[in-house]
Amino acid sequence: MSDTATDENVKVRRIQTAPGIHDILPKDHEYHTFIKKVVRHRARQAGFTRITTPVLEFTEVFKRGVGEHTDVVEKEMYTFEDRSGRSMTLKPEGTAGVIRSYLQHGMGSWPAPVELYYIEPHFRYDRPQKGRYRMFWQFGFEVIGEDDPALDVQMIQMAFKIFEDLGLKDIFELQINNIGTLKSRSQYKEALINYYIGKERSLCEACQDRLHKNPLRLLDCKEEDCSILSELAPKFEAYRSKEDKEHHEKVKEFLEELNIPFKENDRLVRGLDYYTQTVWEFWDKSTGGQNAVGGGGRYDGLVEIMGGTETPAVGFACGIDRLIMHMKQNNLLPPSKDNIHVLVAQLGDLAKKKCLRIIEALRDRGVKTVGSMGKASIKSQLKLANKHQVPYALILGSTEVREGSIIIRDMKKGQQRHVAMDNVVEEIVKLIGEDNLDKYTPGEVSLGSSD
Ligand code: HAM
């Protein structure tokens, strides 16, 4: 604002979204809608049912579930006290909440495995940059209650099917690793700590801090010095138990069976503590691990950590915002169903009244219709129709109301004709074509017993 601003031209400051948090505007909703549709379709085909856990949970859910010494819990959670002084957190990821819900609702007694999926916003106080936001959308799949490498591979295959549907299959690369059971990993952690002791000064500040709390994370640090050191660090392969090795070999065998290409990456450890055995990420082939588009793994210990009995589980999640970014970079457009078929223009109170019923009848028939209900002249209403690239306008003035007719105007050709008001819906359907109507069948409700 300039120094010479007077009281009259001082405007109220406009409020913006917080850094890293975005609106989803209509054009981007076309991508969101498309991705959700693909996910729902693939989930239904495989017998998964949808779950939504609350956006807000007791902080304990994530501290216990994700791990106290992870970056997500230590640095990235939106945590605050509610009015009763309880610590609450906006969910930074989906798995811990799903397992909390699994236990809370006794899903252990449902037919196993319990197969759930979700499509939801998540929150991490990360440093905002391209592809990295503080509020971001994920879809995720979880299979709880069965332990078999075939399930790990089916999860990976699910992600691949979805990428294929989105036109993105060939731009991602699957990175896999096996980080063993909690037991074999604890021996490895010790070996890692021993290796790094005496080298602390070459580590970045974050890694110095992680060394005794979460040494595995040192392996995937992107800082140059840490990366050089981690290349020479002991490899987990030497610490894998017979069971870990067998599990890993089976995963690779099944991936080959399904023709899913993969790269083994012994430094892939993932940022969340709950993983056991198989872990994987999907990387953009051109940029590598910086902004993975999805990731997951087996997490056989989490149900116990959350207060249940020993229960195996596996799952993954993908970042919807990042998938949209890749679709845009690759000029992949989602199908749009937002185009309008007809704009109804009117002049005068009587015409407006008649329009209300005509609009209803058109919409019920599947014609996508907007009514121009303001007091603008017919000319400016037609201008609006052109702006929205609407192919047909209906025009109703007092003369037409008296005569029981209505004008259909072809906006492209600039030609118009009168039709009887009673026939207008079918006339429009003929012009648009039955196949192009937006037919909506919600499905029928059925009567059942309430227990
Ligand atoms: P994650 O790797 O932390 O895993 O997140 C999964 C995906 O969410 C990432 O690959 C990325 O695409 C997206 N994502 C994460 N953080 C951001 C961000 N700040 N901005 C934009 N996108 C982001 C999990 O969350 C696990 N719960 C996955 C899982 C499910 N494991 C087992 N079951």
Side-chain angles (χ1 to χ4, degrees), residues 19-22 24 35 39 48 51 53 57 61-62 65-67 70-73 75-78 90-102 113-144 151-152 154-156 158-159 162-163 166 168 172-177 179 217 220 268-284 287-303 306 312-327:
I21 296 184
H22 304 286
I24 305 175
I35 293 174
V39 169
F48 282 72
I51 184 167
T53 60
E57 296 256 16
V61 170
F62 308 109
V66 176
T70 54
D71 282 356
V72 169
V73 170
K75 300 183 196 151
E76 295 172 3
M77 294 207 304
Y78 280 88
L90 289 178
K91 65 172 160 189
E93 63 95 53
T95 312
V98 168
I99 297 302
R100 192 264 315 129
S101 178
Y102 173 90
V114 174
E115 297 183 308
L116 302 166
Y117 78 102
Y118 46 87
I119 309 172
E120 283 161 50
H122 295 83
F123 302 83
R124 292 184 195 174
Y125 197 83
D126 218 335
R127 195 154 50 86
Q129 50 190 292
K130 193 171 163 224
R132 194 166 288 273
Y133 311 109
R134 289 184 176 166
M135 174 175 168
F136 57 96
W137 287 77
Q138 275 187 353
F139 65 79
F141 286 74
E142 315 288 354
V143 178
I144 310 158
L151 291 170
D152 306 12
Q154 279 189 317
M155 285 287 85
I156 292 172
M158 174 66 82
I162 292 169
F163 297 156
L166 301 179
L168 291 172
F172 301 135
E173 175 176 271
L174 169 64
Q175 304 267 327
I176 63 163
N177 192 16
I179 57 168
R217 287 315 309 274
D220 71 353
L268 185 76
V269 291
R270 308 270 301 131
L272 314 161
D273 263 3
Y274 46 65
Y275 292 110
T276 53
Q277 301 288 9
T278 319
V279 289
W280 68 85
E281 277 182 6
F282 299 101
W283 291 5
D284 173 0
T287 57
Q290 200 55 40
N291 270 345
V293 79
R298 180 156 281 289
Y299 51 94
D300 292 343
L302 184 57
V303 176
M306 298 297 281
V314 62
F316 75 98
C318 286
I320 295 179
D321 312 78
R322 289 187 188 172
L323 285 169
I324 293 175
M325 192 178 82
H326 284 291
M327 287 182 74

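Just so you know, ligand 1 is whichever comes first in the structure, and atom 1 is the first atom listed for that ligand. If you read the sequence from its start, that first residue is 1, and numbering goes on from there.
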For this session: Over 60° means perpendicular and under 30° means parallel, so classify the ring planes of Phe316 and Phe141, tilted if in between.
Result: parallel

Problem set entry | Atoms in ligand 1 with a heavy atom of Asp126 nearer than 4.0 Å | 19 (N)

For this session: Would you tell me whether Tyr299 and Thr95 have side-chain atoms, one donor and one acceptor, within less than 3.5 Å of each other?
Result: no

Exercise. What closest approach, in Å, do Phe62 and Glu93 show between heavy atoms, and which atom pair accounts for it?
Worked result: CE2-O, 3.9 Å

For this session: Return yes or no for this condition: an N or O of Tyr133 is under 3.5 Å from an N or O of ligand 1.
Result: yes

For this session: Look only at interatomic distance and state if Gly296 has a nitrogen or oxygen under 3.5 Å from any nitrogen or oxygen of ligand 1.
Result: no

Exercise. Do Arg270 and ligand 1 have an N or O pair less than 3.5 Å apart?
Worked result: yes

For this session: Please verify whether a non-hydrogen atom of Gly140 lies at under 4.0 Å from ligand 1.
Result: no

Exercise. So is there a nitrogen or oxygen of Arg132 less than 3.5 Å from a nitrogen or oxygen in ligand 1?
Worked result: no

Exercise. Does Gly131 come within less than 4.0 angstrom of ligand 1, counting non-hydrogen atoms of the residue?
Worked result: yes

For this session: Using a strict cut-off of 4.0 Å, indicate which atoms of ligand 1 neighbour a heavy atom of Glu93.
Result: 25 (O), 26 (C), 27 (N)

Problem set entry | Centroid-centroid under 6.0 Å between Tyr78 and Tyr125 rings | yes

Exercise. Looking at atom 30 (C) of ligand 1, what's its closest protein heavy atom, distance included?
Worked result: Thr95 OG1, 3.0 Å

Exercise. Are any of the N/O atoms in Gly297 less than 3.5 Å from those in ligand 1?
Worked result: no

Exercise. Given Phe123, Trp283, Tyr299, Tyr275, which has its nearest heavy atom closest to atom 29 (C) of ligand 1?
Worked result: Tyr275

